[in-house]
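First the structure, in the form of structure tokens, and then the observations on it.
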Amino acid sequence: MVQSRMLSNWQTAKWILPILLVTGFFSFGSSVRADTISGFVRDAESRETLVAANVIIQGTSFGAMTNTEGYFVIHNVPTGDVILACTYIGYKPYQQTISFSGEKSLTVEIELEPTALQSEEVVVEAERTESVELVETGTIHVTPRKLQASPVMAEADLMRTLQSLPGVLTLSEFSSGLYVRGGTPDQNLVLLDGVQIYNVNHLFGLFSTFDVEAIKDVKFVRSGFSARYGHRLSSVLDITNKDGNRSGFRGKTSLGLVSTRSTLQGPVGNGAWFFSGRRTYVDYIINGAEQMATGATRDQLEFIPDYYFYDAHFKVSQNLGPQDKLSLTYYSGRDMLNYDQQQFAFSFGWGNQALNARWTHLFSDQLFSNFHLSRSYYHSDLDRDDALFTGKIFNDVADLNLGGDFEYFASGTQTVKAGFEVKRLEAQYDARLNKQEALQTAGSSHLALYIQNEWKVSPLLMVQPGLRVTGYFPQIYHNSHEQVSYQGDPTLTVMPRFSAKYLLTDHMRVKASLGRYVQFLNIVPLGDGNMSIIDIWFPNDGSLPPSEAYHYVAGLEGDLTPALSWSVETYYKTMPRLYRLDMTAVRVQKGSDLFHAGSGWAAGADFYLEKSRGDFTGWLSYSLGWTKRKFAAIDDGREFYPKFDRRHNVKMVGTYRFSDRWSTNVAWTYGTGQGYTRPLGQYQLRYPDHQESFVVGGHRNNARLPAYHRLDVGIRYSRVMPESKWLREWSWYLQLFNAYNRRNLWHKNVSFSDNGTAKVTEVRMLPILPTLGIEIAF
Amino acid sequence: MDTGSIVMMRKLWIMLIPALIWTGCESTGMEPEYEEQLVVSAYLRVGEPIDSVSISRTFTLESRYTEEEAGVSEARVSIRVDDKEYTLREYDDRNGFYHLPDKTVRVRPGATYELLIDYQEHHLAGVTTAPSPVNITSVNADTLPFMDPDRFAMNWDKADGADGYLVTTQATPWPEKPYAGRLADYGVEGIVDFQLAQFGGDTLQAFSPISQYGVDGLEQTIEFPWHMFSWYGKYTVKVYAITSEYLDLLTTQNQTGAFEDPVYNIEGGLGIFTALSMDSVTVVVQRNQ
């Protein structure tokens with residue numbers, strides 16, 4: 001009776017609360033201050049808005065940072081002549097003298113001129129604003145310039161750039177999954193223009209699904225993220241894609257070793273459109289070679305699987321008036337691996353589709369809002385039908401989301417952010433073996449509300465308290481075999497979040513954050529522990545409490561010079577509730593039959609030094625970290641180090657620009673050995689009809705592989721063609737991945753021969769890999 | 001940068017560096033040691049005498065594993081059922097294999113058996129409850145043309161106490177070793193040896209947990225696709241009614257890189273002690289003319 005009343009109250013509330021929120025803020029929005037300057041910051045050429053650009057009133061402490069739509073508000077502007085200054089990496093500093101009367105607020109449009117050369121001597125008082133304004137700990141903004149500056153394996157890749165940042169680890173060179181401060185890739189919230197993306201891998205993790213040419217800004221929060229974000233335990237990767245060039249048609253084509261990609265963009269109506277597409281062509285090359293080859297060569301080529309991936313992104317945006325902008329985003333990406341010989345045939349495909357409609361509305365100069373309706377779909381299927389085996393595994397996740405975010409620039413000392421989210425999540429998992437089938441479906445609804453206040457308590461102290469509340473309503477869990485249905489109980493989760501920053505000196509700040517995080521989605525990785533072949537997503541059906549984590553972060557940051565910044569952050573994460581698949585589960589009637597509960601923790605410190613301007617730019621990081629897990633079903637319940645635990649990590653990334661045409665880049669990564677389970681012995685187990693050999697393993701991951709290190713170097717030549725009517729710029733690049741060809745150890749395998757001997761084989765990662773490509777911009 | 005910041009940074013580094021050195025050093029006592037363990041492979045077949053209990057030992061990876069040296073002799077092995085304890089004896093000609101000499105004692109459905117093993121400092125134990133007999137009620141053919149699109153279908157009665165069924169096909173000499181010429185007929189040499197090695201020479205198995213069948217009704221059924229019979233020749237098709245401990249082993253037997261032990265039910269050691277019932281039929285796969 002109590003549960004049904006609670007369910008009824010929440011089902012009513014999930015519709016009333018968003019309405020109250022919208023109307024409440026609408027009433028706030030009617031009050032306008034007269035001492036504000038607000039507006040947008042744009043790229044002067046493309047008229048793209050710029051995220052996290054710094055705008056200040058020179059000679060004062062008043063300033064602001066643009067939000068994801070390039071919008072800013074500065075309060076308490078003194079009357080008289082003021083100098084409005086704006087800076088952004090990769091652009092010439094902007095200054096404008098404005099006569100401000102104070103009788104009414106002023107709206108401006110700031111346009112910044114791009115520049116390739118970044119002098120260190122430029123006084124960039126405004127540069128401090130970004131670091132000062134950002135109260136969230138663990139946050140790094142990754143700009144397209146930073147992406148292009150990072151050395152590549154075959155092509156520029158967002159996830160590989162993030163892997164070079166402190167606090168971020170990977171399992172191997174075959175994985176683009178991010179292990180952030182002791183968390184796992186499934187615990188990272190990945191948003192592409194506000195839409196949740198469930199799988200970020202192409203080519204089994206060698207590349208990510210994000211085309212760097214389409215990216216405008218990336219906000220990466222490694223821990224302690226604010227109340228605005230939910231659904232995950234570990235980190236947030238918030239990617240904003242470009243809107244498109246509003247000034248004229250532009251295009252860019254690049255041809256690399258693995259794939260070719262094109263971007264096209266241009267103005268349309270009172271806005272712009274943007275398209276980017278990428279596809280591998282290795283399958284065409286192999287198929288073409290097969291047709292031309294004969295005999296044994298052809299036979300050998302036929303054994304190579306057909307593989308390709310593609311992704312395409314399209315966005316169109318329109319300004320409907322000075323206060324309104326509408327944009328529509330569509331993303332589609334897929335990987336496909338086919339192999340078909342008489343005795344062994346399989347196909348393996350996975351991919352994402354996302355569609356997002358977004359309405360940006362300025363209720364007033366002080367009240368900024370975004371509303372979105374989106375659908376994200378992830379699908380994977382593994383299908384085998386050959387002489388030995390017939391079976392299929394597939395997983396669908398469909399995520400329908402309606403949400404709104406409000407930003408109220410209440411005063412020069414307070415910005416209140418609030419929002420709501422209504423989400424419907426449905427997942428289906430189906431495994432078929434011959435005529436046998438295991439079909440499981442689950443669905444859930446979420447209602448989330450959040451509010452946070454960025455409050456400058458004093459000129460030296462900023463705090464950001466926040467609260468996120470989530471109502472979780474699991475729908476029926478259905479197992480088709482036993483025709484079982486399970487209806488879980490709704491859950492109300494309250495997640496307080498808090499961040500603070502204190503200015504110790506003009507160039508040094510101390511910061512801290514803490515928060516509670518929950519996750520209602522479980523993942524079942526299918527692989528051998530060294531490489532995830534396929535991930536199965538399954539929402540919590542209410543029979544289990546959600547996964548849970550608590551973050552505690554504290555750190556220092558500062559500026560040695562305007563171009564040289566540093567930070568030191570320590571963190572402690574406790575994860576009192578994590579889940580792992582129970583491999584022995586057969587009669588599954590609900591989620592608690594399928595998952596073991598366990599726990600974990602992570603602690604460490606990240607040191608970061610970045611030079612962002614001048615002929616030489618780059619960063620140096622050092623991370624010290626521990627993470628452990630504990631599950632009753634693993635190693636008799638002993639605490640163990642997961643494979644992604646690495647004690648020390650050093651990363652150095654640098655780009656040196658010789659001239660306006662030539663540049664070189666280098667990256668060096670060092671990490672002490674990952675944990676692995678040492679094979680200690682062997683034995684045979686007799687079955688009724690046969691025998692099998694097994695390995696006796698030591699305690700889980702209680703030994704360490706050798707240290708990992710790798711050097712990547714590259715060179716790039718770019719030439720601008722101002723005289724050409726059609727060709728704006730062309731460039732070529734040559735990269736050497738793993739330049740000194742260190743064959744880092746990935747894992748060890750044990751095989752048994754018929755004569756009773758066991759052989760330990762070391763499996764190595766990638767060798768030296770040259771890659772080259774050309775790019776043409778028109 | 002101002003003087004105050006410089007001084008503060010110096011103080012911080014003075015505090016941090018020793019802390020880093022102390023906390024970042026790994027302890028050297030992490031390397032695990034190899035310890036010999038005993039491995040039990042014990043199967044009780046419903047209606048049969050108790051004659052299939054083997055005890056072996058683990059070897060180091062560097063050693064060459066032989067059945068002769070692995071077998072554990074002179075262990076004290078007993079089975080307890082219905083408050084009676086039976087002592088097993090080792091076979092004269094097989095190291096590490098034990099049986100109950102009294103062949104009148106048969107494994108009974110529904111009875112719970114406890115296995116006890118003492119050997120030097122090792123004390124092992126396991127428990128299992130025997131399912132009812134399983135009976136194949138019908139098959140759709142006893143002769144199959146090779147690669148025939150019609151599938152081999154078999155039905156059997158549900159066995160009480162069973163948590164799943166394991167179905168295997170095993171090629172048997174007829175009159176000689178199975179003729180593995182199928183793939184050679186298609187001009188693909190070499191793959192045959194691969195297949196034989198993959199499946200222990202001549203056995204393929206399909207695993208059918210009980211949850212994949214309807215719980216209503218008495219009949220259990222499976223249809224085999226033609227590729228479960230990879231060679232011409234005579235096959236013994238067996239269905240085993242198995243209980244939870246064997247089910248756990250079968251679902252966890254594929255060791256990943258973490259070398260996790262499968263889920264075993266032997267306390268104090270590794271391995272399996274389980275009761276099962278079995279029925280079988282014979283089918284001949286003929287070469288296409």
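The chains referred to below are lettered A, B, ... by the order of the sequence lines, with proteins before strands, and numbering in each begins at 1.
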Which heavy-atom pair separates [X] from [Y] by the least distance, and what is that distance?
X        : Y        : result
A/Gln682 : B/Leu61  : NE2-O, 3.6 Å
A/Val696 : B/Gln37  : CG1-NE2, 3.7 Å
A/Leu685 : B/Val40  : CD1-O, 3.7 Å
B/Tyr34  : A/Gly681 : CE1-CA, 4.1 Å

Please classify the contact of [X] with chain A as side chain, backbone, both or neither, using a heavy-atom distance under 4.5 Å.
X        : value
B/Ser244 : neither
B/Glu67  : side chain
B/Glu36  : neither
B/Ser54  : both

| said: Please rank A/Ser753, A/Pro679, A/Ala758 by heavy-atom pairs under 4.5 Å with chain B and give me the top one. | reply: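 The candidate making the most pairs under 4.5 Å is A/Pro679.
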| task | Between chain B and each of A/Ile634, A/Val750, A/Leu564, count heavy-atom pairs under 4.5 Å; write down the option with the most. | result |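 The residue among A/Ile634, A/Val750, A/Leu564 with the greatest pair count is A/Val750.
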| Heavy-atom contact with chain B under 4.5 Å, split by part of A/Val760 |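 The side chain, not the backbone.
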| request: Could you look at A/Gln691 and say if it's the side chain, the backbone, both or neither that has a heavy atom under 4.5 Å from chain B? | output: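 Just the side chain, heavy atoms under 4.5 Å.
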Spacing of [atom1] belonging to [X] relative to [atom2] belonging to [Y], to within rounding of 0.5 Å:
X        : Y        : atom1 : atom2 : answer
A/Leu680 : B/Thr60  : CG    : OG1   : 10.0 Å
A/Tyr683 : B/Asp261 : OH    : CG    : 4.5 Å
B/Phe59  : A/Gln684 : CZ    : CD    : 9.5 Å
A/Phe694 : B/Phe259 : CZ    : CZ    : 13.0 Å

| said: Using only atom types and a distance under 3.5 Å, with no angle test, would you say the side chain of B/Tyr43 pairs donor to acceptor with the backbone of A/Arg686? | reply: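 Flag set: sc B/Tyr43 to bb A/Arg686 pair under 3.5 Å.
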| field | Heavy-atom neighbours of B/Arg94 CZ exceed 12 at 6.0 Å | value |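 No, CZ of B/Arg94 has 12 or fewer neighbouring heavy atoms, counting only those of other groups under 6.0 Å.
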| Test salt bridge (charged side-chain N to carboxylate O under 4.0 Å, His left out) applied to A/Arg700 - qualifying residues, sequence neighbours left out |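 Scan of A/Arg700 (salt bridge (charged side-chain N to carboxylate O under 4.0 Å, His left out), adjacent residues dropped) gives B/Glu260.
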